Amino acid sequence: MKSEPTEYSIDHLERDGVSSWFGVRNYQARNYMRDSMKVGDRVLFYHSNCKIPGIAGFAEVASLPHDDITQFIFSDKHFDPRSTPEKPTWQCVDVRFIGKLASVISLSELRSTPRLASMKILQKGNRLSITPVTDDEYEIIQSLI
DNA sequence: GCCAACGTTGGC
DNA sequence: GCCAACGTTGGC
């Protein structure tokens, strides 16, 4: 799961313990949270759009999917005028902090690991803020720490 | 339903 | 700041 550290970093999640992953406004990314995630699933916390983009820590899915309440809040930058509590558009899950890496596993390091070549987040043109990670990829990343 | 125009993402 | 790549919008 990607986040810009100036918006919400692994340090923020460590502080909060658990946080709702609100603000996703892409249908495919929403669908991963709504349809594919299970409580307890491991999450790689990725810092994007920053000096050293890469994996900054670990988290886990901590809730079933639920409405992203920011879609209903007029003053919120994630407000969606098409959404109503009766007909919501956006759902998200909560994530729980597991651990922070002493140093980020950088994007360039991920790219230079041949066995990770098929990782979704490394594919050309990928902009999705949430992408699935296979068990294999997860294990390989553990070995990079 | 098509598709041009526009907006966003995010690495560099 | 640039720009490739992609998603969304809206006229037709």
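A note on names: the letters A, B, ... follow the listed sequences, proteins ahead of strands, and every chain is numbered from 1. Worth knowing before you read on, the calculation uses all heavy atoms, side chains too, and leaves out hydrogens, waters and symmetry mates. From a predicted model like this one, the values you see are computed outputs, not experimental measurements.
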Send over the distance from A/Leu110 CG to B/dG11 C1', rounded to a whole Å. 13 Å

Is the shortest heavy-atom distance from the side chain of A/Pro85 to the side chain of A/Asp67 under 4.5 Å? no

A/Leu128 CG - B/dT8 P separation (whole Å): 17 Å

Considering only heavy side-chain atoms of A/Arg82, the closest of C/dG7, C/dT9, B/dG11 is C/dT9

Can you sort out which residues in residues 72-80 of chain A have a heavy atom within less than 4.0 Å of DNA chain B? Ascending by number, please. none

Here the distance between atom C1' of C/dC6 and atom CD of A/Gln123, to the nearest Å, is 15 Å

From CZ of A/Arg30 over to C1' of C/dT8, roughly how many Å is that when rounded to an integer? 14 Å

In whole angstroms, the gap separating C1' of C/dG7 from CD of A/Gln28 amounts to 10 Å

Using side-chain heavy atoms (C-beta onward) and a distance below 4.5 Å, is A/Gln142 in contact with A/Phe58? yes

Should A/Tyr27 be listed as having a side-chain N or O under 4.0 Å from OP1 or OP2 of C/dC6? no

Within the structure provided, determine whether A/Met1 and A/Val95 are in side-chain contact (heavy-atom separation under 4.5 Å). yes

Of all the nucleotides listed (C/dC6, B/dG10, B/dG11), which has the minimum atom distance to the side chain of A/Arg127? C/dC6

Any side-chain N or O of A/Lys2 less than 4.0 Å from the OP1 or OP2 oxygen of B/dT9? no

Here the distance between atom C1' of C/dG7 and atom CG of A/Asn126, to the nearest Å, is 13 Å

When you measure from the side chain of A/Gln28 to the backbone N and O of A/Leu128, does any donor-acceptor pair fall under 3.5 Å? no

Are the side chains of A/His66 and A/Asp94 in contact, using a 4.5 Å heavy-atom criterion? yes

Nucleotide nearest A/Lys124 when distance is taken to its side chain, options B/dG11, B/dG10, C/dA5: C/dA5

Once you round it to whole Å, what is the distance between C1' of B/dG11 and NZ of A/Lys51? 15 Å

Separation of B/dT8 atom C1' from A/Glu4 atom CD, nearest Å, is 11 Å

Which atom names give the shortest non-hydrogen contact between A/Ser48 and A/Pro5, and what distance separates them? O-CD, 3.2 Å

Can you tell me if A/Ile73 has over 12 outside heavy atoms packed within less than 6.0 Å of its CD1? yes

